Chemist: 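Below is one structure. I have some questions about it.
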Amino acid sequence: MGPRRGLTGRRPAGRAASGRLPWVLVLPAVLGLVFLVLPLAGLLIRAPWPTLLARLAEPHVLEALRLSLVCATVATAVCLLLGVPLAWLLARVDFPGRRLVRALVTVPLVLPPVVGGVALLLVLGRRGLVGQWLEATFGITLPFTTAGVIIAEAFVAMPFLVISVEGALRGADQRFEEAAATLGASRWTIFRRVTLPLIMPGVVAGAVLCWARALGEFGATITFAGNFPGTTRTMPLAVYLALETEPEAAIVLSLVLLAVSVIVLASLRDRWVSAP
Amino acid sequence: MGPRRGLTGRRPAGRAASGRLPWVLVLPAVLGLVFLVLPLAGLLIRAPWPTLLARLAEPHVLEALRLSLVCATVATAVCLLLGVPLAWLLARVDFPGRRLVRALVTVPLVLPPVVGGVALLLVLGRRGLVGQWLEATFGITLPFTTAGVIIAEAFVAMPFLVISVEGALRGADQRFEEAAATLGASRWTIFRRVTLPLIMPGVVAGAVLCWARALGEFGATITFAGNFPGTTRTMPLAVYLALETEPEAAIVLSLVLLAVSVIVLASLRDRWVSAP
Amino acid sequence: MSLRGRLIVTRPAFRLDLTLEVAPGEVVALLGPNGAGKTTALRALAGLTAMSEGQISLDGQPLHVLAAEQRPIGMVFQDYLLFPHLSALDNVAFGPRCQGVAKAEARRTAAALLERVGLAGHAAAKPRQLSGGQAQRVALARALAVRPRLLLLDEPLAALDAHTRLEIRSELRRHLADFDGVTVLVTHDPLDAMVLADRLIVIEHGAIVQQGAPGEVARRPRTDYVARLVGLNLYRGVADGTGVKVGELLLHSSEHLDGAAFVAFPPAAVALYRTRPDGSPRNLWRARIDGIERHGDNVRVHLDGPIAAFADITPAAVADLDLTPGQQIWASVKATETHAYPA
Amino acid sequence: MSLRGRLIVTRPAFRLDLTLEVAPGEVVALLGPNGAGKTTALRALAGLTAMSEGQISLDGQPLHVLAAEQRPIGMVFQDYLLFPHLSALDNVAFGPRCQGVAKAEARRTAAALLERVGLAGHAAAKPRQLSGGQAQRVALARALAVRPRLLLLDEPLAALDAHTRLEIRSELRRHLADFDGVTVLVTHDPLDAMVLADRLIVIEHGAIVQQGAPGEVARRPRTDYVARLVGLNLYRGVADGTGVKVGELLLHSSEHLDGAAFVAFPPAAVALYRTRPDGSPRNLWRARIDGIERHGDNVRVHLDGPIAAFADITPAAVADLDLTPGQQIWASVKATETHAYPA
Amino acid sequence: GSGEPATSASASAGGEAKEVTVFAAASLTGTFTELGKVFEAAHPGTTVRFNFGSSATLAQQIVQGAPADVFAAASPATMKTVSDASPASSPSTFVRNKLQIAVPADNPAKVDDLKDLTDTKVKVALCAEQVPCGAAAVKALDAAGLKVTPVTLEQDVKATLTKVELGEVDAALVYKTDVIASAGKVRGIEFPEADQAINDYPIATLAKAPAGAAAQQFVDLVLSQQGKDVLTKAGFEAP
Ligand SMILES: Nc1ncnc2c1ncn2[C@@H]1O[C@H](COP(=O)(O)OP(=O)(O)OP(=O)(O)O)[C@@H](O)[C@H]1O
Ligand SMILES: Nc1ncnc2c1ncn2[C@@H]1O[C@H](COP(=O)(O)OP(=O)(O)OP(=O)(O)O)[C@@H](O)[C@H]1O
Ligand SMILES: [Mg+2]
Ligand SMILES: [Mg+2]
């Protein structure tokens with residue numbers, strides 16, 4: 001996997017002859033990669049390979065995995081729906097207090113997840129500020145339901161989306177938006193047909209972060225949505241319980257989660273992550 | 001804080017007359033913002049205001065706060081140092097298995113933090129793959145030290161940096177890099193003097209994510225570095241333990257952490273987050 | 001008057017202040033040196049640059065209160081700004097789509113326009129797969145596709161090759177002839193300006209220095225920039241009968257004038273002599289050769305002396321006279337070839 | 001030969017295949033219609049576009065094996081590509097800095113170059129604060145600042161106003177005259193090409209169709225594109241003595257030739273008559289007026305008929321003859337004004 | 001009393017198919033899952049749903065209106081949080097847990113008794129004072145009159161145990177149940193002062209438990225001899 005070898009690879013519309021790779025970049029990059037991936041090696045070594053398959057066949061593992069994937073994906077969709085417009089607002093509309101709002105967006109990141117879960121309970125719980133009203137008016141209760149898992153995950157993961165998309169928006173050349181305006185495009189049309197396609201790599205990056213974070217989310221979920229098999233027990237919660245009883249199983253479950261997420265992310269086509 | 005009001009604000013080199021704000025964007029944006037910020041309101045209401053000041057004055061709170069800020073900042077620096085080159089490698093060098101490597105970078109995100117901590121122990125602990133050798137050769141042990149906290153935070157937070165910076169790199173116009181190459185700039189010079197300034201908004205966004213995530217990091221830290229006042233007890237650890245006995249205290253500590261992070265992030269000058 | 005307005009844009013170190021009045025169907029060319037404010041004027045008309053003062057009305061309706069997307073404009077940018085993620089066809093279809101035209105219909109319109117600019121074969125190409133000139137033609141088609149009331153063209157032909165330029169210019173001319181809206185065109189090419197525009201407006205340092213019909217401007221330039229644009233030697237002096245005193249030199253012309261005056265003559269009217277000639281030309285002075293360069297079929301000689309002037313002579317004459325830079329020489333212009341008019 | 005190479009770039013629907021040989025100090029102009037492959041050729045020389053085959057050597061050293069940043073080149077891009085985050089001065093100083101020149105020294109060099117292109121006052125401006133022409137001049141200064149062995153200029157004067165263009169052209173010419181490296185220049189302006197280049201290379205569809213000294217190319221165009229570029233009517237036919245058979249029409253010239261031949265004459269040599277004239281011109285045909293447009297001081301009439309031709313006549317003549325599009329008319333050219341040469 | 005407990009989690013449409021929702025401390029995961037199966041077998045048509053988590057988190061959830069029928073906490077303090085906020089049946093202690101010294105299987109620091117932990121060369125992990133095992137550890141050390149400087153104060157007993165398992169520390173004070181659950185990866189050493197630091201696990205049905213009588217039946221099962229057998233097998237002590 002040494003990046004050096006890669007130089008032989010073809011670069012579609014690339015430079016005639018690539019210059020030497022600068023070691024001052026490649027060295028820290030490889031170091032960084034090793035740092036991120038090596039602990040995985042640790043897990044792989046500790047994993048109880050002989051019993052692995054047997055464990056995987058257990059139905060509750062698949063159940064938890066399915067729940068994790070569904071919830072993380074729905075949560076990512078929710079984040080995209082709400083977060084991309086929020087990023088646009090922060091990047092393109094100059095309103096007073098914008099800097100403060102931008103900083104507030106990071107709140108769920110800084111809040112320890114368990115406290116985030118408590119905060120969600122305080123607001124959306126049955127006795128919470130909004131939860132009370134939701135239950136009285138619509139008969140909806142969110143805690144301890146699958147919807148609650150999605151909300152907890154979305155709450156924790158949305159800042160990643162918002163902040164990366166805002167970064168992408170600020171990096172994008174606004175003159176294309178001007179050109180679109182001269183063609184009679186409303187701000188919404190501009191956003192949809194010009195801005196969004198141009199910042200797609202940033203949105204995809206944000207969505208990847210968001211999805212991965214949602215997939216791994218534990219603290220807020222267990223606090224807000226509880227830990228009921230089938231409805232709210234996602235893989236990280238299953239891992240937590242497995243740690244209580246058999247640590248090896250916890251490693252297996254983690255590896256399963258990792259493998260699935262790596263497969264999903266690796267199959268993202270390069271097209272999605274590249275500028276037009 | 002209604003964004004509508006903001007339209008009266010001056011836009012330095014802006015459009016002559018801005019069009020109407022598209023509600024189809026503003027509505028979800030405001031919804032998203034409310035979703036992210038409302039739980040904070042719940043915490044604020046529950047906070048024991050009368051005793052707040054007294055609690056804040058406790059020396060261990062300041063100690064934990066200081067430790068949190070120092071560790072998150074150092075961890076962010078480490079992430080920048082290793083993560084930006086890694087992002088560059090992923091975005092600009094076409095090597096075999098790049099998609100897999102990109103997916104592997106998200107591993108620490110998906111791994112439940114406690115498992116992440118265990119994985120770090122397996123590699124860098126006293127009996128870990130690398131840790132053994134580190135101790136034998138240099139006499140360095142990382143668990144239970146402040147350096148351990150930084151490593152745990154960097155491990156968990158680096159993917160955010162790498163992925164947002166990669167997104168920014170892919171969104172950037174590579175023709176400026178070509179122009180620099182014709183002027184004789186090596187790839188390292190191009191990176192430093194052309195690419196990096198152009199993607200600064202993306203790097204800042206990534207660094208913000210990274211810092212905020214490191215600040216809120218709990219699971220991996222306590223698992224890898226433990227919890228000892230003064231050396232490894234950061235705010236989230238203090239919050240978690242407080243939650244066990246007095247939830248009010250936990251809320252106060254969380255609010256302190258939040259307030260500090262919001263102040264720090266809100267004071268980031270707009271200049272840093274804007275394209276040149 | 002269909003377009004009427006006062007445009008004021010203030011920037012540190014630059015101020016634009018123009019009063020524009022353009023009739024329906026009229027094509028106005030903005031000319032001026034680099035940095036004169038032409039692009040800025042177009043951007044103000046388009047609503048992309050905020051005016052610090054002033055107002056614009058189009059067909060009697062105030063324009064400056066509208067946002068860019070609400071103005072009935074079409075604009076070609078100096079650097080095209082084609083949407084990089086859309087094909088040439090979709091770039092052109094973008095405007096009609098924004099006006100609510102159905103997709104198939106918009107694409108038909110776009111295809112027809114691409115055909116007209118000679119790019120039917122590149123409809124599916126992404127902007128980065130187009131050459132500079134191809135991109136510029138797509139940008140032109142894109143602006144025309146919205147059927148604007150006000151067409152703003154920023155050097156729309158600059159990147160075209162000579163052949164294509166001729167064709168696109170004719171095409172554009174036909175289009176503009178049928179067009180009852182207002183067209184404001186920025187160009188550096190005098191020929192484009194002459195062929196396409198009904199009226200020229202010359203801007204320097206953000207202000208209008210001359211305007212009028214192309215022929216009028218070409219015959220009676222009022223600034224150095226215009227004079228060079230139309231290829232004349234131009235001087236400002238004080239007239240007294242048929243003589244105009246320019247610095248030390250008295251230039252004779254056939255017109256009678258008094259007071260501040262311009263006097264102009266074409267470089268081809270300048271004759272050069274190694275020794276003082278003894279003939280009819282009334283205007284004679286001693287000059288120093290500052291430079292010599294090919295200029296089309298002829299040679300252009302830069303002259304220094306009491307007045308700076310260009311002289312166009314044939315290569316044969318250069319050889320005969322054995323001209324070299326630095327040399328002292330006599331220059332003359334017949335009074336009938338000089339043209340004097342009030343300043 | 002200082003630059004010598006065969007450039008082959010293959011793209012879906014486009015193939016470039018050029019053989020170039022340029023002597024030290026020589027300036028070669030690449031001309032050709034939009035999309036001919038001029039930019040592609042420069043990019044291949046610069047190492048920005050991979051060649052599918054071929055090789056390049058500069059001063060005897062292989063160039064194609066080097067990465068772009070290792071080639072001793074300076075390049076002006078068609079769309080400038082100034083670094084948006086650096087001031088004009090720092091853009092120009094970028095190259096010298098990459099070559100290891102000290103900061104102060106690099107900035108001094110840069111300031112001097114900006115001075116030479118007339119932008120001393122805009123040294124601190126960011127690219128987005130520059131007008132199109134100003135940006136292009138900065139791009140030129142930036143390319144010159146690296147003191148390249150191979151200078152690649154992609155329409156370096158296209159955005160300049162007439163006045164500045166003259167000055168920058170002279171400046172560039174002086175620079176190129178002192179320059180012992182190789183210069184390859186892309187331009188659409190025949191005048192730029194004539195003034196700046198020692199040799200013209202005309203490309204169409206990725207292949208060289210004609211090359212030679214500017215005068216030679218101008219006198220004996222071999223393709224429609226070149227003919228229009230230099231303002232000639234051009235036909236290909238079969239010569240037999242002094243006559244060249246073009247389609248149905250036999251065109252006479254003063255040259256004696258046999259076999260495939262070109263015959264060319266300037267639009268100004270075409271005379272038009274309402275009725276069949278009875279005079280000396282040997283070449284006479286019946287034509288239909290396809291279009292009429294102003295062209296400089298004259299009027300250019302597009303003629304259809306056995307051969308398509310342009311005729312330049314005075315506005316007075318248009319009025320006298322009362323010409324209108326669609327009208328049938330007689331056109332004639334004197335044999336002495338036509339020029340025939342082997343195809 | 002505010003808020004009828006919702007039926008979303010413990011849906012009981014008719015009267016026959018019942019559901020008992022049990023909120024239990026994570027350390028009870030193994031034993032309670034087993035007891036749940038026993039209960040379901042004994043009461044066909046009734047299912048038991050468990051929500052395992054940290055006692056403090058569970059208490060928070062119940063205070064915020066979670067639809068729980070039964071709460072089994074790992075410490076009397078968390079049970080008190082719940083009964084203070086909304087009336088619960090009087091809690092009864094169903095098991096107790098005793099501390100042991102846990103050392104890695106190879107016992108590298110040669111730890112034999114509590115006194116050895118005071119050696120500064122021995123790396124010791126304790127639970128944080130805020131969590132039950134930490135409170136118990138403090139009591140035990142106080143009783144022994146010893147002062148131990150740990151390298152870390154862990155957030156729960158499992159984390160403490162992990163440190164021992166991985167050899168990061170040479171010894172830790174954890175519950176006997178955890179030592180047993182580790183299946184030989186750590187060795188437990190009994191010490192006399194542990195008797196002064198017994199941790200009680202209380203269990204209670206919650207007022208207005210949606211499952212009503214079934215909730216009490218589950219508590220009864222836990223308190224029964226059958227329940228005791230399961231729990232003591234896992235290392236818990238009968239009260
Ligand atoms: N965004 C900006 N901020 C500050 N100054 C600017 C900005 N854009 C242009 N200028 C300055 O304003 C003046 C007018 O610029 P403008 O682009 O209108 O010139 P122009 O007439 O279009 O020139 P050109 O023929 O070179 O395109 C120039 O001096 C330019 O440097
Ligand atoms: N990146 C690309 N991918 C595919 N085709 C391309 C690409 N760039 C250019 N082309 C095509 O290759 C041909 C040559 O393009 P090139 O840019 O070299 O033309 P040019 O001679 O510079 O034209 P112009 O005078 O308009 O700038 C054109 O047909 C163009 O559409
Ligand atoms: Mg301009
Ligand atoms: Mg080109």
Side-chain angles (χ1 to χ4, degrees), chain A residues 1 3 6 9 11 19 22 24-25 28-29 31-32 37-40 42-43 82-83 85-86 88-89 93-95 97 99-100 103-104 106-107 109-110 112 115 119-120 122-123 163-164 167-168 170-171 187-188 201-202 205 209 212-213 215-216 218 236 239 254 258 261-262 265-266 274-275, chain B residues 1 3 6 9 11 19 22 24-25 28-29 31-32 37-40 42-43 46 82-83 85-86 88-89 93-95 97 99-100 103-104 106-107 109-110 112 115 119-120 122-123 163-164 167-168 170-171 187-188 201-202 205 209 212-213 215-216 218 236 239 254 261-262 265-266 274-275:
Chain A
M1 206 162 25
R11 316 195 60 212
V24 58
L25 281 177
L31 252 174
V37 174
L38 201 62
L40 182 62
L43 288 184
L82 303 183
L86 182 53
W88 173 85
L89 197 72
V93 182
D94 191 7
F95 57 92
R99 283 201 331 212
L100 182 67
L104 281 177
T106 59
V107 161
L109 250 104
V110 180
V115 179
L120 281 174
L122 290 175
V123 171
I163 292 174
S164 359
R170 290 183 173 274
R187 287 179 88 160
W188 163 239
L209 285 177
R213 178 71 183 86
L215 207 59
F218 162 71
V239 169
S254 301
L258 279 189
S261 113
V262 165
L265 294 179
S274 290
Chain B
M1 205 163 26
R11 314 196 61 212
V24 59
L25 281 178
L31 253 172
V37 173
L38 201 63
L40 183 61
L43 289 185
R46 265 284 288 261
L82 303 183
L86 183 51
W88 173 86
L89 197 72
V93 181
D94 191 8
F95 56 92
R99 286 202 328 213
L100 181 68
L104 282 177
T106 60
V107 160
L109 251 102
V110 180
V115 180
L120 281 176
L122 289 174
V123 172
I163 291 175
S164 4
R170 288 182 173 275
R187 288 179 89 159
W188 162 240
L209 284 176
R213 179 73 184 83
L215 206 59
F218 161 70
V239 168
S254 300
S261 112
V262 166
L265 293 179
S274 292

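Note on naming: letters A, B, ... go to the chains in the order of the sequence lines (proteins, then strands), and numbering restarts at 1 for each one. In this text, all values refer to a predicted model and were calculated from it rather than measured experimentally.
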Chemist: At their closest point, which heavy atom of A/Ala266 faces which heavy atom of B/Ala103, and how far apart are they?
Modeler: N-CB, 3.6 Å

Chemist: Could you tell me whether the side chain of A/Leu122 reaches within less than 4.5 Å of the side chain of B/Leu43, counting heavy atoms only?
Modeler: yes

Chemist: What part of A/Ala168 lies closer than 4.5 angstrom to a heavy atom of chain B: side chain, backbone, both or neither?
Modeler: neither

Chemist: A/Gly216, A/Pro22, A/Ala29: which one forms the most heavy-atom pairs within less than 4.5 Å of chain B?
Modeler: A/Ala29

Chemist: Would you mind checking which part of B/Val110 comes under 4.5 Å of any heavy atom in chain A, side chain (CB onward), backbone (N, CA, C, O), both or neither?
Modeler: both

Chemist: Side chain, backbone, both or neither: which part of B/Trp88 has an atom under 4.5 Å from a heavy atom of chain A?
Modeler: side chain

Chemist: Identify which part of A/Val262 has an atom lying under 4.5 Å from any heavy atom of chain B, answering side chain, backbone, both or neither.
Modeler: both

Chemist: Looking only at heavy atoms, which two atoms of A/Leu209 and B/Leu109 are closest? And how far apart?
Modeler: O-CD2, 3.3 Å

Chemist: Between chain B and each of A/Ser164, A/Gly202, A/Ser254, count heavy-atom pairs under 4.5 Å; write down the option with the most.
Modeler: A/Ser254

Chemist: Which atoms form the tightest heavy-atom contact between B/Leu120 and A/Pro39, and what is the distance?
Modeler: CD2-CG, 3.7 Å

Chemist: For chain B, which candidate among A/Gly42, A/Pro236, A/Ala212 shows the most heavy-atom pairs at distances under 4.5 Å?
Modeler: A/Ala212

Chemist: Specify which of A/Ser261, A/Ala119, A/Gly83 makes the most heavy-atom pairs with chain B at under 4.5 Å.
Modeler: A/Ala119

Chemist: Using non-hydrogen atoms only, which part of B/Arg46 is less than 4.5 Å away from chain A: side chain, backbone, both, or neither?
Modeler: side chain

Chemist: Among the options A/Val239, A/Val115, A/Leu215, pick out the one with the most heavy-atom pairs lying under 4.5 Å from chain B.
Modeler: A/Val115

Chemist: Under a 4.5 Å heavy-atom cut-off, does chain A meet the side chain of B/Val107, its backbone, both or neither?
Modeler: both

Chemist: Quick one: which of B/Leu25, B/Val123, B/Val24, B/Val37 has the most heavy-atom pairs under 4.5 Å with chain A, could you say?
Modeler: B/Leu25

Chemist: Can you list everything that forms a side chain to side chain contact (heavy atoms under 4.5 Å, CB included) with B/Pro28? Sequence neighbours excluded, please.
Modeler: A/Leu82, A/Pro85

